[in-house]
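Notes to accompany the following structure.
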Protein chains: 2
Amino acid sequence: MGGVKVDGRVERGEQTRRLILRRAAEIASVEGLEGLSIGRLATELEVSKSGVFAHFGSKEELQLATVRAAAAIFVAQVVEPALVLPPGLARLERLLDGWLAYSENRTFPGGCFFYAVQAEFDARHGRVRDAIAGYGRQWSDYVRETVAAIPEVADPDQLAFELIAFLEMANAQSVLHDDPHAYSRARVAVRNGLAQAGAAVSATRR
Amino acid sequence: MGGVKVDGRVERGEQTRRLILRRAAEIASVEGLEGLSIGRLATELEVSKSGVFAHFGSKEELQLATVRAAAAIFVAQVVEPALVLPPGLARLERLLDGWLAYSENRTFPGGCFFYAVQAEFDARHGRVRDAIAGYGRQWSDYVRETVAAIPEVADPDQLAFELIAFLEMANAQSVLHDDPHAYSRARVAVRNGLAQAGAAVSATRR
DNA sequence: AAACTAATTGTACGATCGTTCGTACAACTT
DNA sequence: AAGTTGTACGAACGATCGTACAATTAGTTT
């Protein structure tokens with residue numbers, strides 16, 4: 001598996017790069033992608049500022065790389081665990097549970113990375129905003145497709161909208177108010193939403 | 001009406017202060033309260049940087065004053081119009097419609113001011129975060145109380161959670177993806193949520 | 001008209017921002 | 001062994017940040 005590359009220099013470089021991006025995503029989930037500064041990153045990681053800068057060439061590229069790194073973590077933690085199940089209600093439930101766990105266990109210290117950066121960049125212009133919007137659309141598309149794989153659901157678009165709303169609300173309430181009940185309320189809301197979407201769904205589960 | 005104050009100097013000062021805070025709230029709804037800078041504010045308003053600074057004494061005070069100013073606009077635009085109706089379903093519906101209109105007509109150019117700054121400060125510490133969290137709690141408390149005034153609703157906390165989730169989701173989707181359908185989806189979700197909360201509610205409206 | 005007060009301005013400061021540059025050194029190639 | 005490549009570093013740059021303070025302007029009071 002992997003490349004045949006054995007060059008110790010680029011190997012070390014990639015490790016440094018991963019180190020930088022992990023910390024960058026952590027910082028950005030709390031302080032935002034603009035709150036992230038190259039100098040601060042260098043200080044915290046005890047490397048030189050120019051060393052950090054050289055890996056990306058510009059702050060915008062650092063932000064883009066940070067978004068991509070966070071997306072990879074999100075996919076590994078939320079999307080992939082649900083793919084082991086066949087399309088249907090069970091996969092959807094695992095997907096939603098996985099999201100709530102990803103937020104609740106603070107994979108990123110500031111809660112959901114994408115909730116933070118979407119709100120930060122939603123009204124701006126540029127490549128970073130476009131990248132964030134692209135991932136956001138991929139996520140909502142995937143939720144919608146997963147919902148649509150359940151034949152009992154009459155309006156997948158509407159249900160997907162409501163389900164994602166519950167997830168993000170739980171994240172927001174939990175982070176802002178340290179409210180541990182937010183996630184249980186979201187789980188109730190999800191259960192009600194699924195049950196209401198199709199009585200047959202509720203029936204098959206009893 | 002109001003104060004007996006006739007001093008033209010402080011009158012002019014207060015007008016300048018209002019001018020600053022209006023622009024500050026507009027900027028913050030797009031770029032965040034940290035993206036707001038005293039120098040930029042001064043340039044855009046064509047006043048001196050020290051003039052802007054003198055009104056607040058520190059950046060933190062400027063941010064706090066901006067949050068307070070935005071809260072006043074929010075109350076005038078969303079909360080007060082609903083108060084003309086007696087507690088009950090009609091008041092709740094006007095409150096939710098008012099919120100969606102406030103977001104949709106871009107009272108602030110970046111959509112809901114508090115959605116933006118909550119996500120920006122939710123994981124931080126300090127007086128600005130505390131002020132934002134305080135207003136957020138007041139808002140959710142008020143929605144909950146308004147919901148609780150409808151006797152048919154079994155679980156006001158749960159319903160309030162879900163309703164606010166729909167509002168914020170609509171704002172987020174609309175701003176990030178320029179999606180005009182987001183608000184209509186939220187209105188459908190609100191209607192379903194209210195109808196489901198009590199069949200009696202739905203019955204009384206037909 | 002003179003004294004006073006409040007809002008506003010101009011100038012300057014230290015710190016930090018993103019960025020550029022030349023250099024040092026370890027690792028790979030020949 | 002000599003030459004090349006890639007990562008990391010230290011120093012410096014112009015710009016902008018928040019903040020401080022004295023000078024100025026405009027309006028009020030005596």
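Within every chain, numbering begins at 1; the chains are lettered A, B, ... in the order of the sequence lines, protein sequences first and strands thereafter. Computation of the quantities below employed the complete heavy-atom set of this structure, encompassing side-chain atoms and omitting hydrogens, waters and symmetry-equivalent molecules.
The six-membered or imidazole ring of Phe166(A) lies away from that of Phe161(A), with a centre-to-centre distance of 6.0 Å or more.
Set against dC9(D), dT8(C), dT9(C), the side chain of Ser50(A) has dC9(D) as its closest nucleotide. Side-chain proximity of Ile38(B) to the nucleotides dT9(C), dA8(D), dT19(D) is greatest for dT19(D). When distances are taken from the side chain of Lys59(B) to each of dA6(C), dG18(D), dC9(D), the shortest belongs to dG18(D). Closest contact between the side chain of His55(A) and the listed nucleotides dA8(D), dG18(C), dC9(D) involves dA8(D).
Here Leu36(A) lies in heavy-atom contact (under 4.0 Å) with sugar-phosphate atoms only. If you check every strand for non-hydrogen atoms under 4.0 Å, Ala54(B) touches a base. Residue Ser48(B) is classed as a base contact, given a heavy-atom separation below 4.0 Å to a base.
Straight-line distance from the CD atom of Glu34(B) to the C1' atom of dT16(D): 15 Å, rounded to whole Å. As rounded to whole Å, 9 Å separates atom P of dA7(C) from atom CZ of Arg12(B). Distance, Leu33(B) CG to dG18(D) P: 12 Å, rounded to whole Å. The nearest whole Å value for the distance from the CD atom in Gln15(B) to the C1' atom in dG27(D) is 15 Å. Rounded to whole Å, atom C1' of dA12(C) lies 14 Å from atom CZ of Phe53(B). Atom P of nucleotide dT19(D) and atom CD of Glu61(B) are separated by 10 Å, given to the nearest angstrom. In this structure, Glu14(A) atom CD and dT7(D) atom P are separated by 8 Å, rounded to whole Å. The distance between atom CD of Glu31(B) and atom P of dC17(D), rounded to the nearest whole Å, is 12 Å.
Between Trp99(A) and Tyr102(A), the angle of the ring planes goes over 60°, which puts this pair in the perpendicular group of the 30/60° scheme.
Taking the nucleotide of DNA chain D with the nearest heavy atom to each of Thr16(A) and Gly57(B), the more 5' of the two is matched to Thr16(A). For Lys49(A) and Val52(A), each mapped to the nucleotide of DNA chain D holding its nearest heavy atom, the one lying further toward the 5' end belongs to Val52(A).
Formation of a donor-acceptor pair under 3.5 Å by the Arg91(A) side chain with backbone atoms of Leu85(A) is found in this model. Between the side chain of Arg129(B) and the main chain of Leu176(A), a donor-acceptor pair closer than 3.5 Å is present. Listed for the Ser103(A) side chain is no donor-acceptor partner under 3.5 Å among the backbone atoms of Leu100(A).
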